[in-house]
Structure formats: C-alpha cells, structure tokens
Amino acid sequence: MKTLSLADFSSNAPGPAAAPGLGQRLAETLRVLHRVNQPLAYTGWLNVGLAALALALLPLDHRHVTGALVWVKPLKFSLSIVAYTWTLAWLLADLPAPTQRAVRRLSGGVALSMVVEQAVIFIQAGRGTTSHYNVSSPLNGVLFGLMGVFIVVNTAMTSWALYLAWRYRPHGPAGYVWGLRLGLLVFLVGSVLGGFMIHNQQHTVGAPDGGPGLPGLGWSTAAGDLRIAHFLGMHALQALPLLGWALSRQVPRRAALLTWLGAAVYTAAVGGLLLQALAGRPLL
C-alpha cells in the first residue's frame, strides 16, 4: 500500500490566514498515526496518560531521588517516549508497501520495549529509588537488567528501521528522504551513547549523580554530563527530517546536499558535547 507521506500531507497545509484550523490539522495527524501504526500510536497515548499521572503526583510526593523530586524523571521519560513513538510512526509510514510487514513487526518490538522501560521507571519511582544503574539489591538489579534487555531490543528494532529506510526509498522529496535516513542514523548514535552511561554506572563524569543541575533538565552544572550528547543525538529523529522537509520546500534543488551538511554539523555537535562531558566539563 502507498502510505501518507509527511511531505505530501504538509504541502496541502493552509497558509497563515487559516491558523484557526491548526487544531483540526493536529487531530488529522493523530488520526493518520492511528491508521498507519496502531502499536506506536497507542504507546504514545499511554505515555500521555503517564505524563499526566506523574505531573499530578509531583506536588503530592516530596521525596527526592538523586537530587530531584521522585516523579520528575518519570515525567521526562513519558514526554520523551511520546515524541519518539509518534515521530517514528510518522516516519515509518513513508516507507513503501514492500516494507510494511516488517514495519508492523518492528513497531511492536519498539512499543513493547517502551512499555517495559516505563513500567520499571514508574515502579522504582513508587519505591522511592532510581531505576537506571541501580544494582543495590537483587530486585533492583533484576529490574535494571530487564531495562537493559529491552534497550537492546529497541536498538535492534530501530536498526531494522534504518536498514529499511536506506534499502527502500521513502515517499517524499529528496531533502526529506535524506533527513529521515540521516535522522534515524544519528538517533542510533545517540542511543549507543547510552552505553557510556551504563559502562560508568552513572551519567555524570567527574562527580556523583545528583549534584547541581540546570533547572528542569537536571544536566550537571559542576561536572561533565553524558545525557546532553545522548539527548541531542536522540532528537535527531525529529530535527533532521524537519530540516530536510523545510529545505525541500525552500530550496528543492539543493535540499539533499544541504540536508547532508546540516546532518554533519548536527553530528559534530553531538560529538563535541560527548567529548566535553568525558573531559568532565559541564555544558555551562
């Protein structure tokens, strides 16, 4: 089947004068997501609910874990998973018909991985302890190990998606196609950076986790923090397809080349932030 492409859908979008219709366009986008990829669409909605739950618990539960209120981390992970699953669902819908059976399988694997990860994060938050790198007891070790297994599963599924995107040309103009492919590639690089944190059994370099950090984000202001490069790498999944799509509309003849250049600059920024963190230097 021919799937609805982001570029095709957006090319028919109304101009600035039709701004009141943005809510309808958002509703239509969500309907498209459900039509083309139910596992990832429902996983996103589940995490919308979990984000609301964590937000409601924030003013009621004053316990702290690694220097932050216990429900801050579940809230941030819920919002991140919403962005990840819905973006991935939208991008995979642009792959051609021969890939869609594989897309359904890998989407199920990603959905299961995200559900397991969030289950562990919320269980550990409820217990008042950390979920990542926590091997302080047999139960904590088992839960962290379970997360590790499904992190590997998720990485394998997104690697499969990357293979499909490079093996079969997605629908859309050249800039968007390369943004999709390169976004998946840099996203995987960002995922692998999580291995540095697992190897160190913490995300801070040069100080214990839980020290002073940037408001809301928590990134260390006193030492290196591996989460910054990890964060930027993961969000290439949104940034580079959007860059390619925008360039395809503005400068269609040079969109592919400029998307490659943009991806190179983006990747260099991820690498620079990684080296800065490994040297023990904070972002600011």
Side-chain angles (χ1 to χ4, degrees), residues 1-9 29-30 32-47 77 80-118 147-195 230-245 256 259-260 262-263 266-267 270:
M1 67 176 181
K2 183 179 179 181
T3 53
L4 180 66
S5 75
L6 176 62
D8 291 341
F9 178 67
T29 298
L30 293 174
V32 169
L33 283 178
H34 279 272
R35 188 159 64 244
V36 300
N37 199 316
Q38 288 191 0
L40 295 182
Y42 281 121
T43 302
W45 279 117
L46 172 63
N47 280 276
F77 268 77
S80 178
I81 290 173
V82 171
Y84 169 48
T85 54
W86 284 357
T87 302
L88 186 63
W90 193 259
L91 298 180
L92 293 178
D94 288 330
L95 293 178
T99 68
Q100 289 304 309
R101 183 176 181 182
V103 164
R104 287 191 294 272
R105 291 178 177 178
L106 72 87
S107 297
V110 170
L112 177 61
S113 300
M114 295 300 98
V115 169
V116 171
E117 181 169 8
Q118 280 295 74
M147 290 181 70
V149 168
F150 280 95
I151 288 171
V152 172
V153 170
N154 182 67
T155 302
M157 295 299 101
T158 48
S159 298
W160 192 3
L162 176 65
Y163 164 76
L164 293 174
W166 286 71
R167 173 67 177 82
Y168 300 90
R169 189 189 190 282
H171 298 296
Y176 170 68
V177 168
W178 284 113
L180 188 160
R181 289 168 168 169
L182 295 169
L184 277 168
L185 179 60
V186 180
F187 169 85
L188 277 171
V189 172
S191 301
V192 171
L193 294 183
H230 178 63
F231 175 89
L232 190 66
M234 299 282 280
H235 285 287
L237 192 67
Q238 290 84 30
L240 295 184
L242 280 173
L243 174 65
W245 169 75
T259 301
W260 270 93
Y266 195 99
T267 305
V270 173

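Atom CG in L162 sits 5.5 Å away from atom CG in L185 (nearest 0.5 Å). In this structure, the separation between CH2 on W160 and OG1 on T99 is 10.5 Å, given to the nearest 0.5 Å. Of the inter-residue distances, the one linking S80 atom OG with N47 atom CG reads 9.0 Å to the nearest 0.5 angstrom. The OG atom of S159 lies 11.0 Å from the CG atom of L164; values are rounded to the nearest 0.5 Å. Expressed to the nearest 0.5 Å, how far OG1 of T43 lies from CE of M114 amounts to 9.0 Å. Put simply, NE2 on H34 and OG1 on T29 are 11.5 Å apart, with the number rounded to the nearest 0.5 Å.
Residues W45 and W86 place their aromatic rings such that the two centres sit under 6.0 Å apart. Not less than 6.0 angstrom separates the ring centroid of H235 from the ring centroid of F187.
At least one side-chain heavy atom of L92 sits less than 4.5 Å from a side-chain heavy atom of L106. For the pair L184 and L237, the minimum side-chain heavy-atom distance is below 4.5 Å. Side chains of P241 and L91 form a contact here, defined as non-hydrogen atoms less than 4.5 Å apart. For the pair M234/S191, a side-chain contact is recorded, criterion being any heavy-atom separation below 4.5 Å from C-beta on. Side-chain contact check for L46 versus V115: some heavy-atom pair is nearer than 4.5 Å. Looking only at side-chain heavy atoms (C-beta outward), N154 and Y84 come within less than 4.5 Å of each other. Side-chain contact between L232 and Y266 is present, with at least one heavy-atom pair separated by less than 4.5 Å. By the 4.5 Å heavy-atom criterion applied to side chains, L182 and W166 are counted as neighbours.
No donor-acceptor pair closer than 3.5 Å links the side chain of R35 to the backbone N or O of Q38. In this structure, H230 contributes its side chain and G190 its backbone to a donor-acceptor pair below 3.5 Å. The backbone N or O of P170 sits nowhere less than 3.5 Å from a side-chain atom of Y176 that would complete a donor-acceptor pair. Panel note: side chain E117, backbone F150; no donor-acceptor pair is recorded below 3.5 Å.
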Subject >> Steps toward ring-ring contact (aromatic ring centres under 6.0 Å, His included) verdict (W178, W245) >> reply: CA-CA 9 Å; W178 284 113; W245 169 75; over 10 Å; no
**OP:** Please lay out, stage by stage, how L40 and L33 fare under the test side-chain contact (heavy atoms from CB on, under 4.5 Å).
**Re:** CA-CA 8 Å; L40 295 182; L33 283 178; over 6 Å; no
Original post:
Yes or no on side-chain contact (heavy atoms from CB on, under 4.5 Å) for V270 and L193, after CA distance, side-chain angles and deciding distance?
Top reply: CA-CA 10 Å; V270 173; L193 294 183; 3.8 Å; yes
**OP:** Decide side-chain contact (heavy atoms from CB on, under 4.5 Å) for R169 and R181; before the verdict, give the C-alpha distance in whole Å, the side-chain angles of both, and the deciding distance to 0.1 Å.
**Re:** CA-CA 9 Å; R169 189 189 190 282; R181 289 168 168 169; 4.0 Å; yes
**OP:** Using the side chain to side chain donor-acceptor pair (under 3.5 Å) rule, take N37 and Y42 through it: C-alpha gap first, then chi angles, then the decisive distance, then the call.
**Re:** CA-CA 9 Å; N37 199 316; Y42 281 121; over 6 Å; no
**OP:** Please test L240 against T259 for side-chain contact (heavy atoms from CB on, under 4.5 Å), starting from the C-alpha separation and ending with a verdict.
**Re:** CA-CA 7 Å; L240 295 184; T259 301; 5.7 Å; no
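Residues A111 and P39 share a closest heavy-atom pair of CB-O, 3.9 Å. Across every non-hydrogen atom of V177 and H171, the tightest pair is CG2-O, 4.3 Å.
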